[in-house]
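Report on one structure; see the data block that follows.
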There are 2 protein chains.
Amino acid sequence: MTVSRALREPERVSAKSLEKIRKVIDRLGYVPDPAARALAAGRTNVIGVIVPSVTNNVFADVMSGIYGQAEGTDWQVQLGNSRYSPLEEERLVRTFLSQRPAGLIVSGIDQSAATAVMLRQASCRIVQIMETGPDPFDMMVGFSHLEASRAASRHLLAAGYRRPGFIAARLDPRTQRRLEGFRDVAREAGVLDPGRIITTPRASTVTLGCELTADLLARAPDTDAILCNNDDLALGALFECQRRGLDSPRQIGICGFNDLEMMAVANPAVTSVRTYRLDMGRKAMAMMIDALAGREAERRTVDLGFEVMARDSTRRGGSANPA
Amino acid sequence: MTVSRALREPERVSAKSLEKIRKVIDRLGYVPDPAARALAAGRTNVIGVIVPSVTNNVFADVMSGIYGQAEGTDWQVQLGNSRYSPLEEERLVRTFLSQRPAGLIVSGIDQSAATAVMLRQASCRIVQIMETGPDPFDMMVGFSHLEASRAASRHLLAAGYRRPGFIAARLDPRTQRRLEGFRDVAREAGVLDPGRIITTPRASTVTLGCELTADLLARAPDTDAILCNNDDLALGALFECQRRGLDSPRQIGICGFNDLEMMAVANPAVTSVRTYRLDMGRKAMAMMIDALAGREAERRTVDLGFEVMARDSTRRGGSANPA
DNA sequence: TTGACAAATGTTAGCGCTACCATGATAGAC
DNA sequence: GTCTATCATGGTAGCGCTAACATTTGTCAA
């Protein structure tokens with residue numbers, strides 16, 4: 001009846017009826033049943049979000065942006081954790097799609113073939129987050145991990161370091177691209193030494209940063225800079241170097257990735273690549289909501305960029321501040 | 001028909017029919033519609049989880065435990081973020097309950113009166129997490145923040161510190177109880193000085209730990225130990241003391257709370273109160289799932305305890321290791 | 001006043017499943 | 001062979017809502 005209309009398209013109901021309905025609803029404490037709504041309308045107000053981790057700071061920040069943007073709207077966020085497994089991601093996409101979501105936000109651009117097919121054929125809107133790349137399924141919000149890591153690598157070289165190493169945990173596709181960026185720049189500068197690249201499939205922690213740094217220094221004791229795949233590792237690297245009496249930035253430069261707030265207050269303050277994680281979540285959700293409201297974005301792919309935050313941990317002697 | 005039964009109570013369907021149905025389902029790629037199911041059955045397979053923050057490490061760990069435990073079951077986790085606001089929590093509880101969830105996991109024991117009424121009358125199972133207290137709505141998994149903070153305070157005194165301060169951000173109820181524990185112990189020992197208690201409503205960060213420490217040392221320069229409400233603040237305190245040339249543990253003892261993995265590898269390693277966040281999430285979800293399956297726990301309230309991890313940051317001169 | 005048209009409201013069917021009850025098949029007791 | 005108890009399966013209604021269409025009411029020009 002008119003009540004259903006009043007709830008969904010109030011502009012099509014007279015002010016008088018609207019008021020009457022509002023009163024009765026208040027008195028009865030009526031709340032629409034979303035299941036019945038979904039069944040009758042053939043669609044839901046659910047926006048599925050699939051991320052590889054719920055503990056990792058990076059995704060926690062992104063999620064915060066997503067939830068923040070969804071707040072106050074009628075859209076429901078439904079979170080799925082793929083635990084860095086493409087197969088688990090595939091399962092989640094299948095499950096989510098079977099629930100006729102209004103939209104789906106997925107992480108990255110390296111879906112399995114089956115996942116890609118499902119997403120391409122999906123009858124809902126899709127936003128890919130975390131990184132940019134060619135050929136989005138639908139919309140995309142991220143930045144170039146390759147470029148970010150190149151910039152960080154160039155920063156180390158510009159600061160005067162000549163024997164840089166790279167440490168990384170959890171080799172997900174974005175990590176691999178960052179490693180690639182480091183390799184590129186180091187190779188071009190003629191300072192690439194594969195022996196200074198230390199990686200592990202284990203999940204990244206500060207403790208692991210210490211261990212990887214110890215490994216690196218054991219294999220290549222003359223390493224004079226470490227590009228860390230993220231800030232947890234960078235903090236671990238700093239702690240480990242401190243314990244060994246290696247002075248940063250003089251004897252060893254340390255650069256992190258993501259620029260967690262703590263990096264700026266460590267001793268020394270740690271250089272890191274700032275990424276806009278909260279904004280990424282916000283923008284992704286905003287684009288999704290706009291698209292669902294029929295307001296198409298002028299550009300399907302949004303690159304949020306990054307910034308190398310040069311701090312004391314890479315501020316060496318004379319050639320300190322690279323132009 | 002029999003198909004519906006085959007999917008939900010396969011033990012009540014003959015092996016022959018089961019096999020036939022399975023084949024057709026595979027061929028058709030049939031997936032049940034959860035909305036129709038919810039509407040017809042009058043209940044859903046959703047377990048709502050309401051936490052005050054999605055970025056905070058502590059809740060990220062708890063969520064990880066919850067998601068992990070839900071994996072592989074048919075239960076769907078639905079996350080809500082109350083942003084430390086009892087009003088927002090009330091709204092979320094109302095929204096969630098209107099969706100006939102199978103269960104609800106809520107944080108803490110300090111719900112608003114209206115929220116408490118809703119939860120007490122709710123026709124679904126409830127698990128309260130994060131802390132223990134009297135009179136649970138239904139089930140409860142946590143630990144005593146008061147006792148944990150008393151233990152940490154006693155540890156500082158036992159280590160020989162006599163002018164301890166306390167820093168805290170975001171005064172949520174659990175923080176308040178920790179402050180209370182510190183006050184109790186300090187008062188009993190005759191070393192309570194309200195001027196050494198620094199708090200702020202701002203969200204806790206490492207940077208804020210630096211600032212609060214600076215405040216504390218400005219107001220009470222002879223402070224010889226800091227009990228920090230969490231590990232972010234503790235790390236900030238450590239960094240700030242380092243910058244001021246204050247030696248920890250000799251000149252100042254630092255103790256954190258939660259025992260994030262990084263505390264053990266800092267320089268010096270930072271004493272902290274270990275809490276079992278992942279287990280809390282796991283146990284809460286396990287209890288919920290068991291209860292929904294009709295397997296009642298023998299005890300409604302589970303206390304996961306805590307442990308003071310004494311490390312170098314409070315290992316002072318002679319009376320280092322308290323018994 | 002009347003007709004034409006728009007705005008507001010009402011009617012009906014059915015979304016895909018499950019609860020409940022009815023029926024049919026099977027087996028064992030007598 | 002009949003009767004009952006048990007298991008397996010089928011039929012029917014309806015969960016609460018919305019889409020689509022039908023009807024009523026209101027408005028204005030001729």
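Because only heavy atoms are used, hydrogens play no part in the values below, and waters and symmetry mates are left out as well, while side chains stay in. Every chain is numbered from 1 and lettered A, B, ... according to where its sequence line falls, protein lines coming before strand lines.
Between A:F143 and A:F306, the angle of the ring planes lies from 30° to 60°, which puts this pair in the tilted group.
The residues B:D26 and B:R22 are annotated as salt-bridged, a charged nitrogen and a carboxylate oxygen being separated by less than 4.0 angstrom. For the pair A:E131 and A:R178, the salt-bridge criterion is not met [side-chain N within less than 4.0 Å of a carboxylate O]. Between B:R170 and B:D232 there is no salt bridge, since none of the side-chain N atoms of the basic residue sits less than 4.0 Å from a carboxylate O of the acidic one.
Checking the phosphate oxygens (OP1, OP2) of C:dT18, a side-chain nitrogen or oxygen of B:S4 falls inside 4.0 Å. Put simply, B:S14 has no side-chain N or O that comes within less than 4.0 Å of OP1 or OP2 on D:dC7. Dashed line: the shortest gap from a side-chain N or O of A:R43 to OP1 or OP2 of D:dA19 is under 4.0 Å. For the OP1/OP2 pair of C:dT9 and a distance below 4.0 Å, the side-chain nitrogens and oxygens of A:S17 include at least one atom meeting the criterion.
Rounded to an integer number of Å, the gap from A:D33 CG to D:dG14 P is 18 Å. Between the CG atom of A:L7 and the C1' atom of D:dT18 there is a distance of 12 Å, rounded to whole Å.
Of all nucleotides listed (C:dC17, D:dT18, D:dC21), D:dT18 comes nearest to the side chain of A:A40.
Residue contacts for A:R8: at a heavy-atom cut-off of 4.0 Å it reaches the sugar-phosphate backbone alone, with no base atom in range.
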